[in-house]
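Report on one structure; see the data block that follows.
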Amino acid sequence: MKGSLFIFNTLTRKKEKFIPINPPFVGMYVCGPTVYNDVHIGNVRTFISFDVLYRYLLHAGYKVRYVRNITDVGHLVNDADHGEDKIAKKARLENLEPMEVVQQYTNSFHFVLQLFNTLPPSIEPTATGHIIEQIEMIETILKNGYAYTKNGSVYFDVEKYSQMHHYGKLSGRITEELIANTRSLEGQEEKKSPLDFALWKNAEPSHIMKWKSPWGIGFPGWHLECSVMSTKYLGETFDIHGGGMDLKFPHHECEIAQSVAAENTEPAKYWIHGNMLTVNGQKMSKSLGNSFTATQLINGTHPMLEKAYEPMSVRFFMLQSHYSSTLDFSNEALQASEKGFRRLVNAITLLETIQPSESGSINTDELEKKCYDAIQDDLNTPILIAHLFDAAKTINLLYDKKEIATKEQIETLKSVFKNFFFDILGLQTETDNNNSDKTNGIMNIILNIRKKARENKDFSTSDFIRDELKKLHIIIKDSKEGALWEYEK
RNA sequence: GGUCCUGUGGCCGAGUGGCUAGGCAAGGCUCUGCAAAAGCUUCUACAGCAGUUCGAAUCUGCUCGGGACCUCCA
């Protein structure tokens, strides 16, 4: 493998060459979901983005430890019910145990990510599994003088921290301006400054998820779990920290402050942020009501969806834009991607039938190099896919005998698709594998009858079969090699 | 209000000082009993105005749109 990865680091606002701290090992932490609801496909986009990074690093031969947390302690909901645990609230509403809610949505999260063919992380730690470590980190921060206690809660002292360090360096904020612009929220009277954030929160008696601590019964603060679990599994300073753009501030900023306050080191060398999926130009979000879940997407059961979409078409759609740009969802755009994706899949199938020639009229080495250049340039998947479309055209021309290729060139084409299409982009071709053997058998019989009718020029019978199947949403496609069928999309 | 991002052909989306992606759609063609499918092929855009430059969609300024964060959020 040639070349090396350049990646945009939010911390420096520059594309930087990726150099691991301890090669060949790479530590990567990605902020995972809060499991109090089904994730929507905007959430899925971020995990797909980091899946591509993970897959690239594995392909490049790194030994990657990929840690992605499950947030199973709820965070604050909003001003109205400040201090209430999201998961506890949901549990009361549905009359379930909090951990039952956690388990249910963790399961569905795993199911969804599997649908989109993302690789599981190496470690998937939970916040509730690391309460002791979180308490320990709070004690260290207190001991170092960067936090204060109040009524059984512990708050991070941003003002104190700002005297020595730059709070806001990741998101480009200035402490004084932040103070000037912060809205005054209810329930924050315990804090010395509105910028201060909770490390430990005192629990009301009605609160369900709570633990004993040196400061009383309570639960850990919003940002602490990521600091604790990334440190525990990846060390005080590790290579990559990722997450959605919306976590940059305050979440990731707080993580940096916590690590510096506790360990006097910044947690990550490279900070990488994926951008949002938008709908009509607006961020997809649960609260705006413009979100839909993976299940709704693949079943087409949402008013905004004109039809059902295959998970791989959706993954492909997402990879056709750069991870750091917003991507606007629309039925039109998704259907365009769906067709483009099928074009690539078709070419991959044809590639298996190409026969080698003595000499070649194509340049496969250049293709391979361009693909590496694209993925290594800040994971430019849209450019990479454009090269794969060029390769698909080449394959079609080879199939039509308008170009010729040597055995080696055909092998290179195959390895390009294996490496980039399957391994790095994480795409799969088997989209119709839900047909049972029995259905396939029946369809083969029908198609054989039709074939015989056509051979006998009995077109009224062959057209009758085609038209009747169409009524059942089964489409016949004739080709030189015979007829194929598929369900109408 | 503050900070930042963004505006590309009918649609989606890369690129980023000169070589001007790619997909979808549309037109043409090939294949074909017909149709569909599939393939080949054509189409030249960068919000507006001003400036820098031999040269700008790309840099600078202004104007006008859109968005994100500042509050849980992927």
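In the text below, chain A, chain B and the rest are named by the order of the sequence lines, each starting its count at 1.
- Applying the Watson-Crick and G-U wobble criteria (two distances, each under 3.5 Å), B:rC49 pairs with B:rG61.
- The same atom, C1', is picked in B:rA37 and in B:rG15; the two are 34 Å apart, to the nearest Å.
- Distance, A:Asn380 CG to B:rA14 C1': 6 Å, rounded to whole Å.
- Nucleotides B:rA47 and B:rU42 are separated by 26 Å at their P atoms, to the nearest Å.
- Across all strands shown, B:rC4 pairs with B:rG67; the Watson-Crick or G-U wobble distances both stay below 3.5 Å.
- Ranked by how close their nearest RNA chain B nucleotide is to the 5' end, A:Tyr323 and A:Phe316 are led by A:Tyr323.
- Relative ring orientation between A:Phe238 and A:Tyr29 is described as tilted, the plane-to-plane angle lying within the 30° to 60° band.
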Base versus backbone protein contacts along nucleotides 32-43 of chain B [heavy-atom cut-off under 4.0 Å; B, S, -]: -BBBBBSSSS--
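- Using C1' as the reference atom, B:rU8 and B:rC46 are 4 Å apart when rounded to the nearest Å.
- Among the protein residues, A:Ile385 comes within range of no part of the nucleic acid, since none of its heavy atoms lies under 4.0 Å from any strand.
- Residue A:Lys283 contributes atom NZ, which lies 19 Å from atom P of B:rG66 at whole-angstrom precision.
- A:Leu319 places its CG atom 14 Å from the C1' atom of B:rG23, with the value rounded to the nearest Å.
- Listed by chain and residue number, A:Phe292 satisfy the ring pair (Phe, Tyr, Trp, His ring centres under 6.0 Å) test with A:Phe329 (two or more places apart in sequence, or in another chain).
- Straight-line distance from the CG atom of A:Leu178 to the P atom of B:rG2: 14 Å, rounded to whole Å.
- Comparing the P positions of B:rU3 and B:rC11 gives an interatomic distance of 33 Å, to the nearest angstrom.
- Atom pair A:Asp246:CG and B:rC73:P shows a separation of 8 Å (rounding to whole Å applied).
- Across the C1' atoms, B:rG18 and B:rG55 are found 6 Å apart, a figure rounded to whole Å.
- Judged purely by distance below 3.5 Å, without hydrogens or angles, the side chains of A:Thr12 and A:Glu16 pair a donor atom with an acceptor atom.
- Evaluation of the salt bridge (Lys or Arg N to Asp or Glu O under 4.0 Å) rule for A:Asp463 yields A:Arg466 as partners, not counting sequence neighbours.
- Of the P atoms belonging to B:rG7 and B:rU58, the separation is 11 Å, rounded to the nearest Å.
- For the pair A:Asn280 and A:Pro33, nearest-nucleotide mapping onto RNA chain B gives the more 5' position to A:Asn280.
- When rounded to the nearest whole Å, the span between OH of A:Tyr54 and P of B:rA74 equals 22 Å.
- Scanning for ring pair (Phe, Tyr, Trp, His ring centres under 6.0 Å) contacts around A:His252 gives A:His241, A:Trp271, A:His273, with sequence neighbours left out.
- Side-chain atoms of A:Ile272 and A:Thr10, non-hydrogen and from C-beta on, never get closer than 4.5 Å to each other.
- Listed by chain and number, the residues in a ring pair (Phe, Tyr, Trp, His ring centres under 6.0 Å) with A:Tyr36 amount to none (sequence neighbours excluded).
- If you check B:rC40 for Watson-Crick or wobble pairing at under 3.5 angstrom, you find it paired to B:rG28.
- Of the charged side-chain nitrogens involved, at least one lies within less than 4.0 Å of a carboxylate oxygen, so that A:Lys477 and A:Glu486 count as a salt-bridged pair.
- If you take OH of A:Tyr36 and C1' of B:rC73, they are 7 Å apart, rounded to a whole angstrom.
- Comparing B:rU60 with B:rC4, their P atoms sit 14 Å apart, to the nearest whole Å.
- Across all strands shown, A:His40 has heavy atoms under 4.0 Å from base atoms, whether or not it also approaches the sugar-phosphate.
- In terms of the salt bridge (Lys or Arg N to Asp or Glu O under 4.0 Å) criterion, residue partners of A:Lys283 (sequence neighbours excluded) are, by chain and number, A:Asp246.
- Nucleic acid contact for A:Met276: base, since at least one base atom lies under 4.0 Å from a heavy atom of the residue.
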Show me the protein contacts with nucleotides 4-13 of chain B, counting only N or O atoms at under 3.5 Å.
{"unit_1": "B:rC11", "atom_1": "O2'", "unit_2": "A:Glu332", "atom_2": "OE1", "d": "3.4"}
{"unit_1": "B:rG13", "atom_1": "OP1", "unit_2": "A:Asp328", "atom_2": "N", "d": "2.8"}
{"unit_1": "B:rG13", "atom_1": "O2'", "unit_2": "A:Gln320", "atom_2": "O", "d": "3.2"}

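- Look at the C1' atom in both B:rA36 and B:rA45: the space between them is 33 Å, to the nearest Å.
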Would you list the atom pairs, donor with acceptor, under 3.5 Å between side chains in residues 347-354 of chain A and any protein atom, with sequence neighbours excluded?
{"unit_1": "A:Thr349", "atom_1": "OG1", "unit_2": "A:Val345", "atom_2": "O", "d": "2.9"}
{"unit_1": "A:Thr353", "atom_1": "OG1", "unit_2": "A:Leu350", "atom_2": "O", "d": "2.7"}

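- Note on A:Gly274: nothing from the nucleic acid sits closer than 4.0 angstrom, heavy atoms only.
- Of the nucleotides present, B:rC12 is the one that pairs with B:rG22 by Watson-Crick or G-U wobble criteria, both distances under 3.5 Å.
- Pairs engaging residues 111-124 of chain A under the side chain to side chain donor-acceptor pair (under 3.5 Å) rule: A:Arg68-A:Glu124, A:His110-A:Glu124, A:Asn117-A:Gln428 [sequence neighbours left out].
- The nearest whole Å value for the distance from the CG atom in A:Asn290 to the P atom in B:rC73 is 18 Å.
- Contacts of A:Arg173 with the nucleic acid, taken as non-hydrogen atoms under 4.0 Å apart, include base atoms.
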